[in-house]
Protein chains: 2
Amino acid sequence: MMKPLTTKEKILETARQLFWTRGYSNVSVRDITGAAGVDAALVSRYFGGKQGLFEATLAVIPQWPALQAEPEHVIEEAVASFSHPFDRDCEEANPFTMLLANIIDPEMGDKIRDLVQTALAEPLAEKLGGDKRHDHAAMVLSTLFGMALMRKNFRLHALKDLDTEEIRARNNHLVQSALKF
Amino acid sequence: MMKPLTTKEKILETARQLFWTRGYSNVSVRDITGAAGVDAALVSRYFGGKQGLFEATLAVIPQWPALQAEPEHVIEEAVASFSHPFDRDCEEANPFTMLLANIIDPEMGDKIRDLVQTALAEPLAEKLGGDKRHDHAAMVLSTLFGMALMRKNFRLHALKDLDTEEIRARNNHLVQSALKF
DNA sequence: AGAAAATGTCAACACTTGTTGACTTAACGG
DNA sequence: CCGTTAAGTCAACAAGTGTTGACATTTTCT
């Protein structure tokens with residue numbers, strides 16, 4: 001028994017779906033409002049414009065669950081969160097996909113970079129601990145995002161049909177050796 | 001004593017610089033012709049339009065030099081080619097940057113994915129050899145692009161000030177363990 | 001020199017973009 | 001019931017997009 005979405009919520013949800021998969025500047029206000037079945041003027045009215053709408057989608061980014069885990073389980077949780085299959089060539093709107101989709105955006109690139117630094121790299125480093133925690137965090141993220149990039153964006157044939165367990169095993173193998181550096 | 005560039009060459013060179021760093025749909029025809037100091041109409045005249053101009057820039061992609069090396073040196077050459085420093089926050093137009101800048105482009109994404117598969121993954125797999133050559137190629141590319149992504153696009157602080165040798169050492173460490181899988 | 005072809009210029013087109021203001025309609029409170 | 005506020009619709013704007021055709025200029029060839 002879900003309460004039906006308000007118009008404002010419909011816009012925000014559709015915007016999240018489109019912005020996070022196609023990237024900020026590849027999505028027009030009319031793309032969003034068209035898909036949501038509402039008037040285009042409401043974006044400026046409710047969110048102060050396209051830019052405000054995008055930032056509103058960022059505000060509801062769930063915390064990376066891996067960062068909530070006990071320090072000794074952070075790695076396995078992080079690996080797990082990058083190991084589920086991507087919907088078969090269809091678009092899935094998760095925070096990591098969003099980061100990959102907006103890295104070079106001319107208007108939002110800086111905001112995205114800041115988000116990676118403050119919401120992923122720094123908390124992960126503190127969880128990992130140790131003298132080289134910042135280096136380790138960077139290399140763990142590098143490993144996980146590298147595999148995500150190959151699977152989701154470049155869609156390499158060799159990685160296409162691997163199931164969750166196989167991906168998790170490979171991610172774990174790579175991450176463990178990154179931590180041994 | 002360089003022969004001065006023809007107008008057509010000026011357009012192509014400027015287009016390569018801009019397309020490869022900002023991505024196809026983040027660059028307008030007038031951006032290019034403005035920077036090149038020529039008339040905007042010449043793009044359609046010489047290259048058949050914006051799309052044709054972009055594809056012309058892809059045609060001059062140099063072969064990945066690592067793929068020309070002897071099989072026993074392929075890995076070290078590949079690692080080396082991903083280890084030089086990125087120009088300090090200024091845009092460098094190399095083929096790998098281009099691939100990262102265009103992965104989610106709504107018009108060119110398919111072409112980029114195809115390029116990665118046929119120009120990088122498959123030749124690399126053949127050079128590596130062995131039963132798991134396709135898996136190994138995918139994981140090597142994953143490792144190298146992962147680090148490139150963290151350095152060039154996300155600009156993680158922890159990786160910012162590392163010199164070529166340090167990056168090469170880390171890339172090599174990760175790639176070697178990827179091959180041990 | 002004169003014809004022909006290449007080269008470059010200019011203005012305009014049809015279209016999409018984000019945003020705004022005026023308008024109509026619905027909901028709520030007294 | 002009426003007045004006020006919220007919610008949503010509509011048409012239009014100014015700016016930017018890729019592309020085109022007509023024109024002017026220069027170069028090339030005979």
Side-chain angles (χ1 to χ4, degrees), chain A residues 2-59 98 101-102 104-112, chain B residues 2-59 98 101-102 104-112:
Chain A
M2 283 279 292
K3 190 172 63 172
L5 295 175
T6 68
T7 299
K8 191 171 178 180
E9 290 167 335
K10 256 190 290 186
I11 294 173
L12 188 58
E13 185 54 29
T14 311
R16 193 184 61 86
Q17 169 67 27
L18 295 179
F19 280 148
W20 286 22
T21 52
R22 301 191 205 163
Y24 176 74
S25 47
N26 293 326
V27 176
S28 73
V29 171
R30 285 174 174 85
D31 287 339
I32 298 167
T33 55
V38 303
D39 193 286
L42 298 178
V43 166
S44 291
R45 205 173 283 329
Y46 288 155
F47 299 92
K50 182 186 182 185
Q51 189 158 335
L53 176 55
F54 180 72
E55 289 173 9
T57 69
L58 296 187
M98 183 275 289
N102 287 285
I104 53 112
D105 192 279
E107 306 178 54
M108 290 299 166
D110 287 342
K111 188 169 278 286
I112 299 303
Chain B
M2 283 279 293
K3 189 171 64 171
L5 295 175
T6 68
T7 298
K8 191 172 178 180
E9 289 167 335
K10 255 189 290 186
I11 294 174
L12 188 59
E13 185 54 29
T14 310
R16 192 183 63 86
Q17 169 66 28
L18 294 180
F19 280 148
W20 286 23
T21 53
R22 299 191 205 164
Y24 176 74
S25 48
N26 294 325
V27 176
S28 73
V29 171
R30 285 175 173 83
D31 286 339
I32 298 167
T33 55
V38 303
D39 193 286
L42 297 177
V43 166
S44 291
R45 199 169 291 326
Y46 288 156
F47 299 92
K50 183 187 181 184
Q51 190 159 334
L53 176 55
F54 180 72
E55 289 174 10
T57 68
L58 296 187
M98 182 275 289
N102 287 284
I104 53 112
D105 192 278
E107 305 178 54
M108 289 299 166
D110 287 342
K111 188 170 277 286
I112 298 304

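Quick caveat, the model's predicted, so the values are computed rather than measured. Chain letters run A, B, ... following the sequence lines, proteins first and then strands; every chain starts at 1.
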Let me confirm one number: the CD1-CG distance from A/Ile104 to B/Asp105, rounded to the nearest 0.5 Å. 8.0 Å

Base, sugar-phosphate, or nothing: which does B/Tyr46 touch, judged by heavy atoms less than 4.0 Å apart? sugar-phosphate

Give the rounded distance in Å between these two atoms: CG of B/Leu53 and P of D/dT17. 15 Å

Protein-nucleotide distance (B/Tyr24, atom OH; D/dT17, atom P), rounded to Å: 13 Å

Result of checking A/Thr6, A/Val38, A/Leu5, A/Val29 against A/Ile11 for side chain to side chain contact (heavy atoms under 4.5 Å, CB included): A/Val38

Between atom CZ in B/Arg45 and atom P in D/dC23, what is the gap in whole Å? 14 Å

To the nearest Å, give me how far apart CG (B/Asn26) and C1' (D/dT17) are. 14 Å

Could you summarise the pairing of DNA chain D as dot-bracket text, marking Watson-Crick and G-U pairs under 3.5 Å with ( ) or [ ] inside the strand and | across strands? |||||||||||||.||||||||||||.|||

Just verifying a value: how many Å separate A/Asn26 CG and A/Asn102 CG, rounded to the nearest 0.5 Å? 8.5 Å

Side chain to side chain contact (heavy atoms under 4.5 Å, CB included) evaluation trace for B/Ile32 with B/Phe19: CA-CA 9 Å; B/Ile32 298 167; B/Phe19 280 148; 3.6 Å; yes

Write down the distance between CZ (B/Phe47) and P (D/dT19), rounded to a whole number of angstrom. 13 Å

Protein-nucleotide distance (A/Leu42, atom CG; D/dC10, atom C1'), rounded to Å: 12 Å

From the list C/dT19, D/dT19, D/dG21, which nucleotide is the closest neighbour of the side chain of A/Val29? C/dT19

Which value, rounded to the nearest 0.5 Å, describes the distance between B/Thr21 atom OG1 and B/Arg16 atom CZ? 9.5 Å

Given the structure, check if the side chain of A/Arg30 and the base of C/dG18 hold any donor-acceptor pair shorter than 3.5 Å. yes

Hey, what do you get for OG1 (A/Thr57) to CD (A/Glu55), rounding to the nearest 0.5 Å? 8.5 Å

Length of the line joining B/Ile11:CD1 and D/dT19:P, which is rounded to integer Å: 13 Å

Sugar-phosphate, base or nothing in reach of A/Ser44, heavy atoms under 4.0 Å: base

At less than 4.0 Å, is any side-chain N or O atom of A/Ser28 found next to OP1 or OP2 of C/dT16? Yes or no. no

Chi angles and distances behind the side chain to side chain contact (heavy atoms under 4.5 Å, CB included) call for B/Lys50, B/Tyr24: CA-CA 9 Å; B/Lys50 183 187 181 184; B/Tyr24 176 74; 3.6 Å; yes

Should B/Thr7 be listed as having a side-chain N or O under 4.0 Å from OP1 or OP2 of C/dT7? no

Output the rounded distance in Å from NZ (A/Lys50) to P (C/dT16). 15 Å

